[in-house]
Chemist: 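The structure is given below, and queries will be raised subsequently.
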Amino acid sequence: MAHVIASSECWTFTGGTSEFEVAATTVRELIAGLDARYPGLGDFIDKRMAFAIDGEIHQDAWFSAIGPESEVYLIPKIGGG
């Protein structure tokens, strides 16, 4: 299972819980798994969060691979123009 660490922006949905173990092989599966536990979190993550998977940052990464021992950080997306 992937180890997920969420930034404080997600805590409203999780009641302050910041670390999770999630069975997922892609970011899409990870979002769905977290949304099943914490309704509304999936949509929030999809719109507002980027992912650091094993130290590499991904934005809009639905199909990025997640290994069984991966460490995934949910971080705010960086905006700009």
Side-chain angles (χ1 to χ4, degrees):
M1 286 201 190
H3 184 74
V4 181
I5 302 165
S7 67
S8 60
E9 287 86 350
C10 298
W11 296 356
T12 301
F13 296 93
T14 67
T17 302
S18 61
E19 295 192 34
F20 319 91
E21 298 296 322
V22 180
T25 59
T26 65
V27 167
R28 185 176 183 175
E29 289 178 8
L30 180 125
I31 292 170
L34 288 173
D35 193 61
R37 288 186 206 176
Y38 304 103
L41 180 57
D43 187 53
F44 180 81
I45 290 171
D46 191 38
K47 291 178 180 174
R48 309 269 317 250
M49 296 282 116
F51 304 85
I53 304 168
D54 297 325
E56 185 177 333
I57 296 175
H58 301 262
Q59 294 198 58
D60 303 318
W62 267 33
F63 301 105
S64 294
I66 297 173
E69 301 297 320
S70 287
E71 187 168 78
V72 180
Y73 285 83
L74 302 178
I75 55 177
K77 283 185 178 178
I78 299 169

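Keep in mind that the numbers below use all heavy atoms, side chains included, and drop hydrogens, waters and symmetry copies.
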Chemist: More than 12 heavy atoms of other residues, nucleotides or ligands under 6.0 Å from CZ of Arg48: is that the case?
Modeler: no
Chemist: Using the test salt bridge (charged side-chain N to carboxylate O under 4.0 Å, His left out), find all partners of Asp43 that sit at least two apart in sequence or belong to another chain.
Modeler: Lys47
Chemist: Could you tell me which residues satisfy side-chain hydrogen bond (donor to acceptor under 3.5 Å, both in side chains) with Thr25, sequence neighbours excluded, listed by chain and number?
Modeler: Glu29
Chemist: Would you name the heavy atoms of Trp11 and Ser18 that are closest together and state the gap between them?
Modeler: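 Taking every non-hydrogen atom into account, NE1-CB, 3.3 Å.
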Chemist: Of all the heavy-atom pairs spanning Met1 and Glu21, show the shortest one and how long it is.
Modeler: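 In terms of heavy atoms, the two residues are closest at O-OE1, 3.7 Å.
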Chemist: Could you give the distance from OG1 (Thr26) to CD1 (Ile53), rounded to the nearest 0.5 Å?
Modeler: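 Reported to 0.5 Å precision, the distance equals 9.0 Å.
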Chemist: Go through the steps to decide whether Val72 and Val22 satisfy the test side-chain contact (heavy atoms from CB on, under 4.5 Å), and finish with yes or no.
Modeler: CA-CA 10 Å; Val72 180; Val22 180; over 6 Å; no
Chemist: Can you list every pair that meets ring pair (Phe, Tyr, Trp, His ring centres under 6.0 Å) and has a residue in residues 45-68, with sequence neighbours left out?
Modeler: none
Chemist: At their closest point, which heavy atom of Pro76 faces which heavy atom of Ser7, and how far apart are they?
Modeler: CD-OG, 4.0 Å
Chemist: Starting at CG of Asp46, measure out to CZ of Arg28 and round the result to the nearest 0.5 Å.
Modeler: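 Reported to 0.5 Å precision, the distance equals 9.5 Å.
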Chemist: Taking all heavy atoms of Phe13 and all of Pro39, pick out the closest pair and write down the distance.
Modeler: CD2-O, 3.9 Å
Chemist: Atom OG1 in Thr17, atom CZ in Arg37: separation rounded to 0.5 Å?
Modeler: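 Spacing of OG1 (Thr17) from CZ (Arg37) equals 10.0 Å.
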Chemist: Of the non-hydrogen atoms in Gly40 and Asp35, which two are nearest, and what is the gap between them?
Modeler: N-OD1, 2.9 Å
Chemist: Check side-chain hydrogen bond (donor to acceptor under 3.5 Å, both in side chains) between Glu19 and all other residues, then give those that pass, not counting sequence neighbours.
Modeler: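 Scan of Glu19 (side-chain hydrogen bond (donor to acceptor under 3.5 Å, both in side chains), adjacent residues dropped) gives His3.
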Chemist: Quick one, Asp54 and Glu71 - any side-chain contact, counting heavy atoms below 4.5 Å?
Modeler: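 Yes, their side chains come closer than 4.5 Å.
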Chemist: Name all pairs fulfilling the ring pair (Phe, Tyr, Trp, His ring centres under 6.0 Å) condition that reach into residues 21-43, sequence neighbours left out, sorted by first residue then second.
Modeler: Phe20-Tyr38
Chemist: Do Ile45 and Leu30 come close enough that some side-chain heavy atom pair is under 4.5 Å?
Modeler: no
Chemist: Linking directly or through intermediates, with side-chain heavy atoms under 4.5 Å: list the remaining ILVMFWY members grouped with Ile75, chain and number order.
Modeler: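 Answer for Ile75: Ile5, Ile57, Tyr73.
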